[in-house]
Amino acid sequence: MGDGVCLIELVLIDGQPIDWRYLEVNAAFERMTGLKNAVGRTFQELGPPGYERWLELVSQAAASGGAKGVVHELAQGTLALEVEAYRIGADKPQRIGLIVRDVTRNRGTGVDIRDSQKLAYLLRLSDALLPLTGADDIQSTAAGLLAVQLGAGRVFFATIEGDAEYHVAAEYTDGLPGHLGRHPLSASQRRWLPHWRNGHLSSVVDSEADITFSDEDRATYASLGTRSAIEVPLLRGGQLVAILAVHHAKNHEWTDAEIGLICQTAERGWAAVERARAEADLRESEARFREFGEKSSDVLWITDLETMKLEYLSPAFERIWGEERDMVMANSSRWAEMVHPDDLAQAARALPRLMSGEAAVSDYRIVRADGEVRFIRDTGFPMHRNGKVTRGGGIARDVTDVRLAEQRQRILVAELQHRVRNILTVVRSVFQRTAETTVDPDEMANHFRGRLDAMARTQVMAARSAARSIDLEDLIRDELLSVGIGDGPVFRIAGPAVALPFETAELIALAVHELTTNSLKYGALKAKRGRLDVRWETNLSYGGACKLDLIWEESGVPAVPIAPSRRGFGRELVEEALPYRLGAETKLEFRGNGVRCSISVELPSERLVP
């Protein structure tokens, strides 16, 4: 088509047009006027010459009723342009259709070289399709306008699916039966399919008289109530995607003007379908993104980097930041106010990187209104439009639990290193004193193994407690159970619940082990009528700390030396190591009826209950 066509919308002040915005233009209009990328922009924004003369033209069109043409010749550079302006629809006086013709060669001849009714139809078509958002609505509307323009009985778009069938989703009929749904390609359509794929249309003037038609072809046309038809193929990327079919109930000779109108309707209609589908896909994509954002446990955000205003903030923000989204979106500075003062500079460094097109990861703390501090890892990325960074988007994750876990892990590792050093020191000391107090190598090995086992049991019990504390009763029972001694006539245990700190429990466990070993060899656990009583109580000392008084008392032992001739490891542990390491008060008595050992040591008051 050689004529320029455009659809504009007037910009009014006090009911008078002062400018207009281009809604739709074709290539011929851009070529004649020199206006490029005009859609969405105003006339004055584009700034071509002859503003007053164009304004006069569109003002007269807006004031005139119906589709009466107002013709002017406007000199645009070396061209003489004949312009017709039409008001599009009585209910939209601000919508104007313009038809522009190059009449440079015909000036002064008075020759009308174009059918203005056809051009007015194309403007009506564009105006009708513009507000539609559904693909089926667009197809049926375009089909209806074309059918009325040509007096056709049936018009429809059909998508071609493979080599076997086609699908009609929308149509317009007038006197002919409907044809919606899926249908197999007829014999004639299968013959035309290669031509459609090459961009060539097919037409039938009279199916009854067409010598190329078989009886099957005529029967197919008769079943549709059709004698004349034309199919215009629509190709995208070299691939056949659809056809526009126009059917007449009677034979019809297709003119070039009609074919041209059908071809333009096909292109405009399908372009509108593609636009609608793209917009639907965009809406669906936006809905999926919004659903993802609404359900995400992380905060999703989008910021306009020109206005620095938040455009989107997901609901997780309210849970993590403890602030309403609407308040922060209305006042973006509120975000900065909630960043920890020590981290604000670091968090702000991400913005220049986003504006320069780089992704940025920021770690910072926020201080909620309730005073709680949360750790945030914010990953931002640039968003481009027309090759320019216009927005920044990102995902902010609450990593408070991770950070606290890392801190706890560092503390535990440091504590573990400290405890390992202490254990090795204790083991070395135990080995040294065992070797010094034992002559026989086998006996030394047995003693050392027993003492290591006692220390190992203490470690196991400590590992079971998150506070690394050990229940005193469990400690004593585990030691005695390791040698087969449980509750019964020989053994009695009594005392309140006491949680020992690990360092205290470690030495108490060694002391209980030494006392148990001695009792098995020489004391109550060896004697037939021997009896072992282990009891303890807790009292508050003058300093407010809890004082543990532990008594190990044996009875029923026939004879025990009042003054043992040898000072062994166990005695040194009770009488020297416990006072030195724990500040304990100890007393070890070798009485005629059995051994009695008392240990008094201070504990923090919270250790009363494990």
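Start at 1 with the first residue, then count along the sequence. The figures that follow rest on heavy atoms only: side chains count, while hydrogens, waters and symmetry mates do not.
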Exceeds 12 heavy-atom contacts within 6.0 angstrom, atom CZ of Arg377: no
In terms of heavy-atom contacts, Ser297 and Ala316 come closest through O-CB, 3.6 Å
Run the salt bridge (Lys or Arg N to Asp or Glu O under 4.0 Å) test against Arg374 and tell me which residues pass, sequence neighbours left out. Glu372, Asp398
Trp536 side chain reached by Ile599 side chain, heavy atoms, under 4.5 Å: no
Please name all residues satisfying ring-ring contact (aromatic ring centres under 6.0 Å, His included) with Phe317, sequence neighbours left out, ordered by chain then number. Trp321
Going by the rule salt bridge (Lys or Arg N to Asp or Glu O under 4.0 Å), which residues pair with Asp304 if we only count those two or more places apart in sequence or in a different chain? none
Tell me, please, which residues at least two apart from Trp301 pass ring-ring contact (aromatic ring centres under 6.0 Å, His included). none
Give a yes or no on whether a salt bridge exists between Asp401 and Arg403, defined as a side-chain N under 4.0 angstrom from a carboxylate O. no
As a quick check of understanding, evaluate side-chain contact (heavy atoms from CB on, under 4.5 Å) for Val389 and Leu354, giving each step before the final call. CA-CA 8 Å; Val389 177; Leu354 290 180; 5.8 Å; no
Greater than 12 external heavy atoms within 6.0 Å of Arg397's CZ: no
Would you say that Ile508 contacts Ile476 through its side chain, given a criterion of any heavy-atom pair below 4.5 Å between the two side chains? no
Taking only residues two or more places apart in sequence, or in another chain, which ones meet Glu165 in a side-chain hydrogen bond (donor to acceptor under 3.5 Å, both in side chains)? none
Who are the side-chain contact (heavy atoms from CB on, under 4.5 Å) partners of Arg596, not counting sequence neighbours? Arg535, Ile551, Glu553, Glu589, Arg591, Ser598
Can you tell if the side chain of Val241 reaches within under 4.5 Å of the side chain of Leu235, non-hydrogen atoms only? no
Any chance you could measure Ile320, atom CD1, to Asp298, atom CG, to the nearest 0.5 Å? 6.5 Å
Under the 3.5 angstrom rule, does the side chain of Asn593 hit a backbone N or O of Gly556 as a donor-acceptor pair? yes
Taking only residues two or more places apart in sequence or in another chain, which ones pass side-chain hydrogen bond (donor to acceptor under 3.5 Å, both in side chains) with Arg334? Glu323, Glu337
Is the closest side-chain heavy-atom distance between His340 and Ile366 below 4.5 Å? no
For Ser140, what residues pass the side-chain contact (heavy atoms from CB on, under 4.5 Å) criterion, not counting sequence neighbours? Ala170
Compare every heavy atom of Arg275 with every heavy atom of Leu129, then report the nearest pair and how far apart it is. O-NH2, 3.1 Å
Within the structure provided, determine whether Phe491 and Val534 are in side-chain contact (heavy-atom separation under 4.5 Å). yes
Got a sec: does the CD of Gln409 have more than 12 other heavy atoms crowding it under 6.0 Å? no
Rounded to the nearest 0.5 Å, how far apart are NZ of Lys526 and CG of Asn518? 11.0 Å
Does a side-chain heavy-atom distance below 4.5 Å link Val595 with Ser519? no
Do any N or O atoms from the side chain of Arg21 and from the backbone of Gly40 form a donor-acceptor pair under 3.5 angstrom? yes
All N/O donor-acceptor pairs, side-chain side in residues 277-291, below 3.5 Å, sequence neighbours left out:
unit_1 : atom_1 : unit_2 : atom_2 : d
Glu284 : OE2    : Arg288 : NH1    : 3.1
Glu291 : OE2    : Lys295 : NZ     : 3.1

Pairing residues for Asp163 by the side-chain hydrogen bond (donor to acceptor under 3.5 Å, both in side chains) criterion, not counting sequence neighbours: Arg197
With sequence neighbours excluded, what pairs up with Glu318 under the side-chain hydrogen bond (donor to acceptor under 3.5 Å, both in side chains) test? none
Testing the basics here: between Leu313 and Leu310, what is the closest heavy-atom pair and its distance to 0.1 Å? CD2-CD1, 4.3 Å
Phe375 meets the ring-ring contact (aromatic ring centres under 6.0 Å, His included) criterion, sequence neighbours left out, with none
Value rounded to 0.5 Å, distance of NZ in Lys547 from CG in Asn539: 8.0 Å
Beyond-backbone contact of Arg531 with Glu554, side-chain heavy atoms, under 4.5 angstrom: no
One should read off an interatomic distance between Ile376 CD1 and Arg365 CZ, to the nearest 0.5 angstrom, of 12.0 Å
Minimal heavy-atom distance between Ala169 and Asp136, with the atoms involved, is CB-OD1, 3.5 Å
Rounded to the nearest 0.5 Å, how far does CZ of Arg581 lie from CG of Leu573? 9.5 Å
For Phe292 and Glu294, what are the C-alpha separation, side-chain angles and deciding distance, and is it a side-chain contact (heavy atoms from CB on, under 4.5 Å)? CA-CA 5 Å; Phe292 171 74; Glu294 301 296 301; over 6 Å; no
Between Leu472 and Leu548, is any pair of side-chain heavy atoms under 4.5 Å apart? yes
Salt bridge or not between Arg236 and Glu274? Use side-chain N to carboxylate O under 4.0 Å. yes
Within the 3.5 Å criterion, strictly below it, is a donor on Ser600 or Asp549 matched to an acceptor on the partner's side chain? yes
Taking atom CD of Glu324 as the centre, report whether more than 12 heavy atoms of other residues, nucleotides or ligands fall under 6.0 Å from it. no
Between Leu480 and Leu532, is the side-chain contact (heavy atoms from CB on, under 4.5 Å) condition met? List the steps. CA-CA 11 Å; Leu480 289 168; Leu532 171 62; 4.2 Å; yes
Working for side-chain contact (heavy atoms from CB on, under 4.5 Å), residues Thr538 and Val498: CA-CA 8 Å; Thr538 56; Val498 176; 3.6 Å; yes
Go through the steps for Glu306 and Lys388 under the test salt bridge (Lys or Arg N to Asp or Glu O under 4.0 Å), then give the verdict. CA-CA 11 Å; Glu306 295 180 356; Lys388 179 183 177 182; 3.5 Å; yes
Interatomic distance, Arg325 atom CZ to Met329 atom CE [nearest 0.5 angstrom]: 8.0 Å
For Pro382 and Ala359, which heavy atoms make the closest approach, and how far apart are they? CD-N, 4.0 Å
Hey, is the main chain of Leu500 close enough, under 3.5 Å, to the side chain of Thr504 for a donor-acceptor pair? no
Please report the shortest heavy-atom distance between Thr586 and Val574, naming the atom on each side. OG1-O, 2.8 Å
